[in-house]
Structure formats: C-alpha cells, structure tokens
Novice: 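Take a look at the following structure, please.
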Amino acid sequence: MKAALITGASRGIGAGCALAFAREGYAVGINHRSSAEDAEKIAQQCRELGVEAEVFAADVADAGQAQGMVEAFVERFGRIDALVNNAGGALRMPPGGFVDMPIEYWDNQIALNLSAASYCAQAAARSMIATDVQGAIINISSIHGDVTWVRRKALPYSAAKGGLNMFTKAIGVELIKHGINVNCIAPGLIHTKALDRYSERDLNGFNRKIPFGGGGTPADIAELAVFLADKAKSRFIVGQTITVDGGQSIDGSIDAMLDDEF
Ligand code: NAP
C-alpha cells in the first residue's frame, strides 16, 4: 500500500489532503502540533475509508521533531510515497512596520512556512532514495509567495512562501534524477479555520472580489495534491508552483483586498 504523510492535517487544507489521499487508497499519516483530538478525528475518517491512518504529533518548525516524525512514519508504514508540506500560516504582525518588526516574529514565520518544508522534504527524500521509492513531494505555498502582503503586515509570510516556490524549483531539479517529483500549490483564499480572524463583513468583501465568486474549499487543493502524487498522470511536471485561486491573483483583486486590515 502506498503511504502519504501530510503535515498540519488536523484541520483545513491538510485534513482535506489526508481524506483525498485516503480515498485514493493511500495509508495516511496525519501530523499536527497541538490539536490531537482533531487529528484523531481525521485519522478515524480515513480509516472509515478503508485505509490505515496514524497521527504523528510534531512541531515541524523544529528540525529534530520534523525529521524524527518522517522517520517514525517510514518505520510505521515501511515507505513514504508522498509528502505534503502543508503546515503553515500567517500570524498577525505586532504593531509597527518592518523597521519595528521583532526578530522572533520573523524567525518563527520563516521556520514554519519555509524551513519546516525543507526539514521534512530532506528526511523524506533520503528515505525515498534509500528504499528506491519514486515518490512525490508537494509543498503548499500561497498566492502571497508571488504577490506581496506587505500592507497586510504579513511580510515574513510572503517572503517564506516566495522562498518555498524557489525551494520547490531547486530541489525539483535535483530530485527528479531519482524519479522524485517535487511541485508546489499556491492557494488563494480557501475557507478554513485560518480565516476565523476575519469578520463576516470582511469575508463577504473578500469573496466578492474573487472572479470565481468566492473562496475555495480544502478539496480544491487536495485534488491537485493527489494528482501531483500520481506519477502516471504528472511525471513530466517538475518544480512547478501551480496557482489555485479562482482567478484571485489575476485581475488585481489582491490589490483591492490590501485595503482591508487584519
Ligand atoms: P489552518 O486551518 O490554520 O490549519 C493549520 C494546520 O497546521 C493545523 O492542522 C495545525 O495543527 C497545523 N500546524 C500549525 N503549526 C504547526 C507546526 N508548527 N507543526 C505542525 N503542525 C502545525 O490552515 P489552512 O488554512 O488549512 O492552511 C494550510 C496551508 O495552506 C498553510 O501552509 C497556509 O499558509 C496555506 N494557505 C492557506 C490559505 C487559506 O486561505 N486558508 C491560502 C493560501 C495558503 P495544530 O493546531 O495542531 O497546530
């Protein structure tokens, strides 16, 4: 049985990915940092789809925990066919602009939204090469990796996601020599708990500005992740960042959204 590890899978896009991989028959590893109960619920839903599923608690922003988790996953399932580096998120910036930005805020956001993917990908790639598995690594970026979010005060988040897009290209060209495909998905607004910080009024405003007519769902991202892990369908896609945003980043609607405050 193929096996997929999804980071940050206790809810939102990661949970959507876990369920989509389970539907495809993969054994699934559900990583979380603190939401153990939610993670176990998603694992149970995967088991009900007829596959093995296990929860892996680890802070992926910590190199030792992240790499230890990938090793524990391989020990449990014997292999890793797909890694989805999904854990991430933008924390509201403390008051003030870049010049007042606390170093810890920068470090934490870069660790979560960029370094974590490198920690997990390195351990996964080592295992795939050692076990001769021609697998896939899928990074979850953001449209803000390409279009800055400076005025919304999530500057290190944008920098990290932009770095993740370039990281995807860089390891994509190295790992394809081993038959490992690395690609990236850049979501626009996706309805998850991460949006709870916004008022209903703000959310309605965001939705109106998206050409599709509103934000997407975790399944919109998860279906592409499953496709990118399926070498029979996606073997010639290497190091790419694919935008999935209902047209949000095309027509200037991001600029309009920049006027809204956190
Ligand atoms: P979410 O609903 O806030 O869920 C985040 C998940 O990541 C949770 O399972 C959380 O688990 C986990 N997590 C957070 N920090 C972690 C850590 N240090 N170690 C391990 N797990 C951690 O987020 P989402 O909206 O689904 O977003 C998922 C990804 O998509 C993120 O990379 C985000 O940047 C990207 N994205 C989202 C949107 C959007 O509109 N939603 C748009 C563009 C990009 P715990 O609670 O246990 O920590």
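Each ligand, and each atom within it, is numbered from 1 in the order the structure gives. Throughout, residue positions are numbered sequentially from 1 according to the sequence presented. This one's a predicted model, so the numbers in the text were calculated from it and none came from an experiment.
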Novice: Give the residue, atom name and distance (to 0.1 Å) of the protein heavy atom nearest atom 38 (C) of ligand 1.
Specialist: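 Its nearest protein heavy-atom neighbour is Gly188 O, 3.9 Å.
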Novice: Enumerate the atoms of ligand 1 whose separation from the nearest heavy atom of Leu189 is less than 4.0 angstrom.
Specialist: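 Taking each heavy atom of Leu189 in turn, ligand 1 has 40 (O) under 4.0 Å.
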Novice: Can you tell me how far apart CG (Leu5) and CD (Glu54) are? Round to the nearest 0.5 Å.
Specialist: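 It comes to 11.0 Å.
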Novice: Less than 3.5 Å between some nitrogen or oxygen of Ile13 and one of ligand 1, yes or no?
Specialist: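 So ligand 1 has an N or O lying under 3.5 Å from an N or O of Ile13.
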Novice: Measure the CZ-CG distance between Arg197 and Leu195 for me, rounded to the nearest 0.5 Å.
Specialist: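 So the gap between those two atoms works out to 8.0 Å.
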Novice: Check this for me - ligand 1, Leu112, N or O atoms closer than 3.5 angstrom, yes or no?
Specialist: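 Between Leu112 and ligand 1 (N or O atoms, distance only) the closest approach is not under 3.5 Å.
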Novice: Which residue and atom name correspond to the protein heavy atom nearest atom 11 (O) of ligand 1, and how close is it?
Specialist: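 Here the closest protein heavy atom is Ser10 OG, 3.2 Å.
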Novice: Select one of side chain, backbone, both or neither to describe which atoms of Ala90 lie under 4.0 Å from any atom of ligand 1, heavy atoms only.
Specialist: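 No part of Ala90 comes within reach of ligand 1.
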Novice: Which part of His144 is near ligand 1, with near meaning a heavy atom under 4.0 Å away: side chain, backbone, both or neither?
Specialist: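 Under 4.0 Å from ligand 1, His144 contributes no heavy atoms.
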Novice: Using the rule side-chain contact (heavy atoms from CB on, under 4.5 Å), only one of Asp245, Ile140, Thr243, Thr192 pairs with Pro187; which is it?
Specialist: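 Output: one option passes, namely Ile140.
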Novice: Could you tell me which atoms of ligand 1, counted from 1 in the order shown, lie closer than 4.0 angstrom to a heavy atom of Ser34?
Specialist: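 Near Ser34, the atoms of ligand 1 are 45 (P), 46 (O), 47 (O), 48 (O).
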Novice: In the protein, which heavy atom is nearest to atom 14 (C) of ligand 1, and how far is it?
Specialist: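 The closest heavy atom on the protein side is Arg33 NH2, 4.0 Å.
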Novice: Please report which non-hydrogen protein atom sits nearest to atom 45 (P) of ligand 1, along with the residue it belongs to and the distance in Å to one decimal place.
Specialist: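 The answer is Ser35 OG, 3.4 Å.
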Novice: Name each donor-acceptor pair under 3.5 Å that joins a side chain in residues 9-27 to protein atoms two or more places apart or in another chain, with its distance.
Specialist:
{"residue": "Arg11", "atom": "NH1", "partner": "Ser35", "partner atom": "OG", "Å": "3.4"}

Novice: Side chains of Val74 and Glu71, heavy atoms from C-beta outward: is any pair under 4.5 Å?
Specialist: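 No, every pair of side-chain atoms sits at 4.5 Å or beyond.
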Novice: What distance separates Lys169 NZ from Leu164 CG, expressed to the nearest 0.5 Å?
Specialist: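 Reported to 0.5 Å precision, the distance equals 12.5 Å.
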Novice: Going hydrophobic residue to hydrophobic residue with side-chain gaps under 4.5 angstrom, can you get from Val60 over to Ile30?
Specialist: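 The answer is no; the residues belong to distinct hydrophobic clusters.
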Novice: Under the ring-ring contact (aromatic ring centres under 6.0 Å, His included) rule, collect the residues that match up with Phe77, sequence neighbours excluded.
Specialist: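 Checked Phe77 against ring-ring contact (aromatic ring centres under 6.0 Å, His included); matches are Phe73.
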Novice: Closer than 4.0 Å to some heavy atom of Ala58 - which atoms of ligand 1 meet that?
Specialist: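 Once the distances to Ala58 are compared, the set is 19 (N), 20 (C).
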Novice: Looking at Gly215 and Asn207, what are the two nearest heavy atoms and their distance?
Specialist: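 Distance-wise, the nearest heavy atoms are N-OD1, 2.9 Å.
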Novice: Tell me whether ligand 1 is touched by Pro218 - counting only heavy atoms on the residue side and a distance under 4.0 Å.
Specialist: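 False for this residue.
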Novice: Near Glu174 CD, under 6.0 Å, is it more than 12 heavy atoms from other residues, nucleotides or ligands?
Specialist: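 No, the 6.0 Å shell around CD holds no more than 12 heavy atoms from other groups.
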Novice: How close does the nearest protein non-hydrogen atom get to atom 43 (C) of ligand 1, and which residue and atom is it?
Specialist: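 Nearest neighbour among protein heavy atoms for atom 43 (C) of ligand 1, to 0.1 Å: Pro187 O, 3.3 Å.
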Novice: Can you tell me how far the OH atom of Tyr119 sits from the CG atom of Leu114, to the nearest 0.5 Å?
Specialist: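 So the OH of Tyr119 and the CG of Leu114 are separated by 8.5 Å.
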Novice: Just to confirm my output: which protein heavy-atom neighbour is closest to atom 6 (C) of ligand 1, and how far is it?
Specialist: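 Checked against all protein heavy atoms, atom 6 (C) of ligand 1 sits closest to Gly8 O, 3.5 Å.
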Novice: Which one holds for Thr192 and ligand 1: side chain close, backbone close, both close, or neither close, with close meaning a heavy atom under 4.0 Å?
Specialist: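 Answer for Thr192: side chain.
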Novice: Compute the shortest N/O to N/O distance between Tyr157 and ligand 1 and return yes if it is under 3.5 Å, no if not.
Specialist: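 Yes, Tyr157 has an N/O under 3.5 Å of an N/O on ligand 1.
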Novice: Using a 4.5 Å cut-off on heavy atoms from C-beta on, say whether the side chain of Leu228 contacts that of Asn181.
Specialist: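 The answer is no, as the side chains (C-beta and beyond) never meet within the 4.5 Å cut-off.
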Novice: Atom CD1 of Ile171 and atom CD1 of Ile137: how far apart are they, to the nearest 0.5 Å?
Specialist: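 Ile171 atom CD1 to Ile137 atom CD1 measures 5.0 Å (nearest 0.5 Å).
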Novice: Short question: side chain of Asn86, backbone of Thr7 - any donor-acceptor pair under 3.5 Å?
Specialist: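 Checking the backbone N and O of Thr7 against the side chain of Asn86, a donor-acceptor pair under 3.5 Å is found.
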Novice: Applying a 4.0 Å heavy-atom criterion (strictly less than), which segment of Asp38 is in contact with ligand 1: side chain, backbone, both, or neither?
Specialist: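 Neither; nothing of Asp38 gets under 4.0 Å from ligand 1.
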Novice: Considering only non-hydrogen protein atoms, determine which one is nearest to atom 1 (P) of ligand 1 and report residue, atom name and distance to 0.1 Å.
Specialist: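 For atom 1 (P) of ligand 1, the nearest protein heavy atom is Arg11 NE, 3.6 Å.
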Novice: At less than 4.0 angstrom from any non-hydrogen atom of Ala87, what atoms of ligand 1 do you find?
Specialist: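 Counting atoms of ligand 1 from 1, those under 4.0 Å from Ala87 are 7 (O), 21 (N), 22 (C), 32 (O).
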Novice: Using a strict 4.0 Å cut-off to heavy atoms of Ala9, name the atoms of ligand 1 that fall inside it.
Specialist: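 Reading through ligand 1 atom by atom, the close ones are 9 (O).
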Novice: So which of Ile190, Val244, Thr217 gets nearest to atom 40 (O) of ligand 1, if we judge by its closest heavy atom?
Specialist: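 Comparing heavy atoms across Ile190, Val244, Thr217, the nearest one to atom 40 (O) of ligand 1 lies in Ile190.
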Novice: Where does Asn31 meet ligand 1, judged by heavy-atom distances below 4.0 Å: at the side chain, the backbone, both, or neither?
Specialist: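 Side chain only; the backbone of Asn31 stays clear of ligand 1.
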Novice: So which bit of Ala36 gets within less than 4.0 Å of ligand 1, heavy atoms only: side chain, backbone, both or neither?
Specialist: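 The answer is neither; Ala36 stays 4.0 Å or more away.
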Novice: Atoms of ligand 1 less than 4.0 Å from Gly89 heavy atoms?
Specialist: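 With Gly89 as reference, the close atoms of ligand 1 come out as 34 (O).
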Novice: What distance do Cys120 atom SG and Ile80 atom CD1 have between them, rounded to the nearest 0.5 Å?
Specialist: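 Rounded to the nearest 0.5 Å, the SG-CD1 separation comes out at 8.5 Å.
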Novice: Taking only heavy atoms of Ser141 into account, list the atoms of ligand 1 that are under 4.0 Å away from them.
Specialist: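 Within the 4.0 Å cut-off of Ser141, ligand 1 contributes 35 (C), 36 (N), 44 (C).
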Novice: Of Ile6, Asn86, Val60, which has the heavy atom at the shortest distance from atom 28 (C) of ligand 1?
Specialist: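 Among Ile6, Asn86, Val60, the closest heavy atom to atom 28 (C) of ligand 1 comes from Asn86.
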Novice: Check ligand 1 against Asp59 and write out every atom of the ligand that is under 4.0 Å from a heavy-atom position of the residue.
Specialist: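 By the 4.0 Å cutoff, the relevant atoms are 17 (C), 18 (N), 19 (N).
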Novice: Purely on distance, is any nitrogen or oxygen of Gly12 under 3.5 Å from one on ligand 1?
Specialist: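 No; every N/O pair is 3.5 Å or more apart.
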